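A short worksheet on the structure shown next.
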Amino acid sequence: MKIASWNVNSLRVRLPQVLDWLEKSDVDILAIQETKVEDCSFPINDITDAGFFCDYIGQKTYNGVTTISKIPPKESIKLINNEEQEQKRFLLTRYGEDLSVLNLYVVNGHEVGSDKYEYKLDWLKKIKKHIENDLKKTKYYVVLGDFNIAPNDEDIYDPEAWKDRILCSKKERHALEEILDLGFTDSFRIFDQDKELYSWWDYRTGAFRRNRGLRIDLILSNKALSDKCTSSYIDIMPRENERPSDHAPVVSVFDI
DNA sequence: ATGGTGGAAGGTCCA
């Protein structure tokens, strides 16, 4: 089973690219972030017409997540710790008897020390708690999405310039570690990878052309799933498109 | 260099 994550920065703008990539990549499950579309305007017909099932939760202008799949969802959970969320960033979908897929659009945080930064750290704590309480419900468990955190210095094009800045600060990395400590593995790092592989490049200053990127889009797998992981990669081709998202899709393949 | 670009919305916020 091939599982992917992609922050598309507006589903309506990127829908043709998403449908094209679904066909080319042959992924079974694609977790999308930043759909920026309310549920009443969600392009459900375009997705079902292409032969996919779809779970989604969105809002106007900001945030929004959807998980597209070849197999039908069995259960959908949209509340974090049973609490209604103003910002639509969380979507937990189960498939069959064995698989939970938690699609996250982690808070950006704006700047270290800001209110948004504190909100990010607080939000991540809530996520950790939810996962902790849910983790044993299925054999296979994947937490994936735009984490807005670069796990290590090797995930940053210029670690010195980014030291202690947003997306790279110690507290953010610690919050990610706490989730990993529940028994997850960053599936990209199960394998030896080439250097300087990233998943996000700023739209400005020709960052993609110069490969000034960060790896902030992650697929975390629990032990049962990590043991079945056969490859993990970033597909930078969609970032070469006209009117691209600023993120590229990340992919992991599991022998399940 | 404290800018730059892109999306949603129709002024300005967010990333």
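Note: hydrogens, waters and symmetry copies are ignored here, and every other heavy atom, side chains too, is used. From a predicted model like this one, the values you see are computed outputs, not experimental measurements. In what follows, every chain begins at residue 1, and chains take the letters A, B, ... in the order their sequences are listed.
- Mapping A:Val13 and A:His247 onto DNA chain B via the closest heavy atom, the residue that lands nearer the 5' end is A:Val13.
- Across the protein-nucleic acid pair, A:Asn7 atom CG and B:dA8 atom P stand 12 Å apart, rounded to whole Å.
- The side chain of A:Tyr203 lies closest to B:dG6 when the candidates are B:dA9, B:dC14, B:dG6.
- A distance of 11.0 Å separates CG in A:Asp217 from CG in A:Asp155, rounded to the nearest 0.5 Å.
- Cluster annotation: A:Ile127 is connected to A:Leu220 through the hydrophobic network of ILVMFWY side chains, with a link wherever side-chain heavy atoms come within less than 4.5 Å.
- Atom-to-atom, CG of A:Asn9 to C1' of B:dG6 comes out at 6 Å; the value is rounded to the nearest Å.
- Atom name C1', nucleotides B:dG3 and B:dA15: the rounded distance is 16 Å, in whole Å.
- When rounded to the nearest whole Å, the span between NZ of A:Lys60 and P of B:dG10 equals 7 Å.
- Rounded to an integer number of Å, the gap from NZ of A:Lys120 to P of B:dA15 is 10 Å.
- Note on A:Arg14: a side-chain N or O is less than 4.0 Å away from OP1 or OP2 of B:dG7.
- Remark: A:Asp186 pairs with A:Arg215 by the salt bridge (Lys or Arg N to Asp or Glu O under 4.0 Å) rule, at least two apart or across chains.
- Taking 4.0 angstrom as the limit, A:Arg209 places none of its side-chain polar atoms (N or O) nearer than this to OP1 or OP2 of B:dT5.
- Here the closest heavy-atom approach between residue A:Tyr198 and residue A:Tyr157 is recorded as OH-CA, 3.2 Å.
- Between the P atoms of B:dG7 and B:dA1, the separation comes to 30 Å (whole Å).
- To the nearest 0.5 Å, atoms CD (A:Gln33) and CZ (A:Phe147) are separated by 9.0 Å.
- Rounded to whole Å, atom C1' of B:dG7 lies 10 Å from atom OH of A:Tyr62.
- A straight line from CG of A:Asp202 to P of B:dG7 spans 13 Å, rounded to a whole angstrom.
- To the nearest angstrom, C1' of B:dG6 lies 18 Å from CD of A:Gln33.
- Distance from the side chain of A:Arg204 is smallest for B:dT5 among the nucleotides B:dA9, B:dG7, B:dT5.
- For B:dT5 and B:dA9, the P atoms lie 22 Å apart once the distance is rounded to whole Å.
- Taking the P atoms as reference points, B:dT12 lies 24 Å from B:dT2, given to the whole Å.
- Place A:Arg89 and A:Thr205 on DNA chain B by their nearest nucleotides, and A:Thr205 ends up nearer the 5' end.
- Among the nucleotides B:dG4, B:dC14, B:dA8, the one closest to any side-chain atom of A:Lys116 is B:dC14.
- Taking atom CZ of A:Phe208 as the reference point, atom P of B:dG4 lies 23 Å away to the nearest angstrom.
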